[in-house]
Amino acid sequence: MSANWITINTPQGDSFSAHLARPPTGRGPGIVLIQEIWGVNEHIRAVAEQYALAGFVVLAPDIFWRQQPHLSLDYDQAGSARAFELYGQVDKAKAAADVAATVAHLRSLPQLDGKVATLGFCLGGLLAYHGGILAKADAIVAYYGGGIAQHLALAAELTQPVLFHHGGLDSHITQDQVDQIKQAFQGRSNATFFDYPQAEHGFNCWGRPMYRQRDAALAQGRTLQFLAGQL
């Protein structure tokens, strides 16, 4: 397995970086992996490597490039304060377009052998949803996607398979919001939901105190099964 940073050009003539992790075989189906608000940090790069070891070509775009390129923050008080400061400056529509540009770039790579999914956590979950719709990604995975309940008008445009993971104790995405998302996809065969009753927001991240190993492992297994079936 190998990894390095590459450059992605936008349709507007700008460019930003993305972290590319290739599988040991060098080729495979693709995942656009979208960060939380701490940037493409050690945790996100490790997640990219996990999926690369599972055989995927993984491309993690630098979503905060307009605010601070190559952001990589720790989960301590200072890192979190900076993360939330920058999060408040993000234009989510532009960030979703960046995800779509990343999907297009991944589809052009010679290492790609198969289809492409978007997969993200929190802010990245929202962008996997919105950017995946824009790019017509082949599948979408949203871990506790912050703000999806405020973007349900897009649900009618989502025709590809989508997998949602939510924590039952998530104070950022309330059960009412989860219910709204489920209602928007009621009767739709393309949407799958998994709930983790004892999990808080961010339960997949081993760098944060809310990490739950069993739920994270269960969600990853379900995600791999979903991606294997769709890509």
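Bear in mind the structure is a predicted one, so any value in this text is a computation, not a measurement.
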Please tell me if the side chains of [X] and [Y] come closer than 4.5 Å, counting only heavy atoms from C-beta onward.
{"X": "His105", "Y": "Leu59", "result": "yes"}
{"X": "Leu123", "Y": "Tyr87", "result": "yes"}
{"X": "Ser72", "Y": "Glu42", "result": "no"}
{"X": "Gln111", "Y": "Pro23", "result": "no"}
{"X": "Arg66", "Y": "Lys94", "result": "yes"}
{"X": "Val40", "Y": "Ile63", "result": "no"}
{"X": "Gln50", "Y": "Gln220", "result": "yes"}
{"X": "Leu231", "Y": "Val116", "result": "no"}

Under 4.5 Å between side-chain heavy atoms, hopping through other hydrophobics if needed: is there a path connecting [X] to [Y]?
{"X": "Val162", "Y": "Val103", "value": "no"}
{"X": "Val58", "Y": "Phe226", "value": "yes"}
{"X": "Trp206", "Y": "Met210", "value": "no"}
{"X": "Val90", "Y": "Leu73", "value": "yes"}
{"X": "Leu20", "Y": "Phe16", "value": "yes"}

Got a donor-acceptor contact below 3.5 angstrom from the [X] side chain to the [Y] backbone?
{"X": "Glu157", "Y": "Leu154", "value": "no"}
{"X": "Asp170", "Y": "His172", "value": "yes"}
{"X": "Gln160", "Y": "Ala137", "value": "yes"}
{"X": "Asp176", "Y": "Asp179", "value": "no"}
{"X": "Asp195", "Y": "Gly167", "value": "no"}

Please name the pair of heavy atoms, one in [X] and one in [Y], separated by the smallest distance, quoted to 0.1 Å.
{"X": "Asn9", "Y": "Ser15", "answer": "OD1-CB, 3.4 Å"}
{"X": "Leu112", "Y": "Pro29", "answer": "CD1-C, 3.8 Å"}
{"X": "Ile8", "Y": "Ala101", "answer": "CG2-O, 4.1 Å"}
{"X": "Ile140", "Y": "Ala128", "answer": "CG2-O, 3.6 Å"}
{"X": "Ala97", "Y": "Leu134", "answer": "N-CD1, 4.0 Å"}
{"X": "Val99", "Y": "Gly132", "answer": "CG1-N, 4.5 Å"}

For [X] and [Y], does a side-chain donor sit closer than 3.5 Å to a side-chain acceptor?
{"X": "Gln183", "Y": "Gln186", "result": "yes"}
{"X": "Thr118", "Y": "Tyr129", "result": "no"}
{"X": "Trp38", "Y": "Ser80", "result": "yes"}
{"X": "Arg82", "Y": "Gln68", "result": "yes"}
{"X": "Tyr144", "Y": "Asn204", "result": "no"}
{"X": "Asp98", "Y": "Trp65", "result": "yes"}
{"X": "His70", "Y": "Ser17", "result": "yes"}

Item to complete: Evaluate the salt bridge (charged side-chain N to carboxylate O under 4.0 Å, His left out) criterion for residues Glu36 and Arg208: first the C-alpha distance (whole Å), next the side-chain angles of each, then the deciding distance (0.1 Å), finally the verdict.
Response: CA-CA 12 Å; Glu36 298 173 293; Arg208 302 172 66 186; 2.9 Å; yes
Check the surroundings of atom [atom1] in [X]: do more than 12 heavy atoms from other residues, nucleotides or ligands lie under 6.0 Å from it?
{"X": "Lys136", "atom1": "NZ", "result": "no"}
{"X": "Gln150", "atom1": "CD", "result": "yes"}
{"X": "Gln213", "atom1": "CD", "result": "yes"}
{"X": "Arg27", "atom1": "CZ", "result": "yes"}
{"X": "Gln175", "atom1": "CD", "result": "yes"}

Discussion item. Between His165 and Tyr196, is the ring-ring contact (aromatic ring centres under 6.0 Å, His included) condition met? List the steps.
Written reply: CA-CA 8 Å; His165 298 290; Tyr196 304 84; 5.7 Å; yes
Atom pair [atom1]/[atom2] of [X] and [Y] - distance to nearest 0.5 Å:
{"X": "Leu86", "Y": "Leu71", "atom1": "CG", "atom2": "CG", "result": "6.0 Å"}
{"X": "Asp138", "Y": "Gln230", "atom1": "CG", "atom2": "CD", "result": "9.0 Å"}
{"X": "Ile37", "Y": "Glu85", "atom1": "CD1", "atom2": "CD", "result": "11.0 Å"}
{"X": "Thr102", "Y": "Leu33", "atom1": "OG1", "atom2": "CG", "result": "11.0 Å"}
{"X": "Arg222", "Y": "Asp215", "atom1": "CZ", "atom2": "CG", "result": "8.5 Å"}
{"X": "Asp62", "Y": "Gln35", "atom1": "CG", "atom2": "CD", "result": "6.5 Å"}

Worksheet item: Under the ring-ring contact (aromatic ring centres under 6.0 Å, His included) criterion, do Phe185 and Phe164 qualify, and how do the steps go?
Response: CA-CA 11 Å; Phe185 287 92; Phe164 294 97; 5.4 Å; yes
Fill in: Intermediate values then yes/no, side chain to side chain contact (heavy atoms under 4.5 Å, CB included), Leu119 and Thr223
CA-CA 9 Å; Leu119 189 162; Thr223 298; 3.6 Å; yes
Practice prompt. Cation-pi check, Arg212 to Phe203: give yes when NZ or CZ is under 6.0 Å from the six-membered ring centre and within 45° of the ring axis, no otherwise.
Written response: no
Worksheet entry | Parallel, tilted or perpendicular, as decided by the 30° and 60° cut-offs, for the rings of Trp5 and His19 |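 Correct class here is perpendicular.
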Discussion item. Can you tell me how the ring of His151 sits relative to the ring of His130, calling it parallel under 30°, perpendicular over 60° and tilted otherwise?
Written reply: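 Tilted, since the angle between the ring planes falls between 30° and 60°.
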Discussion item. Walk me through whether Leu126 and Lys92 qualify under side chain to side chain contact (heavy atoms under 4.5 Å, CB included).
Written reply: CA-CA 9 Å; Leu126 169 63; Lys92 296 182 181 64; 3.7 Å; yes
Worksheet entry | Audit row: His201, Ser171, side chain to side chain contact (heavy atoms under 4.5 Å, CB included) steps and yes/no | CA-CA 7 Å; His201 190 79; Ser171 60; 5.7 Å; no
Item to complete: Would you please test Leu163 and Phe193 for side chain to side chain contact (heavy atoms under 4.5 Å, CB included) and show each step?
Response: CA-CA 6 Å; Leu163 174 61; Phe193 290 85; over 6 Å; no
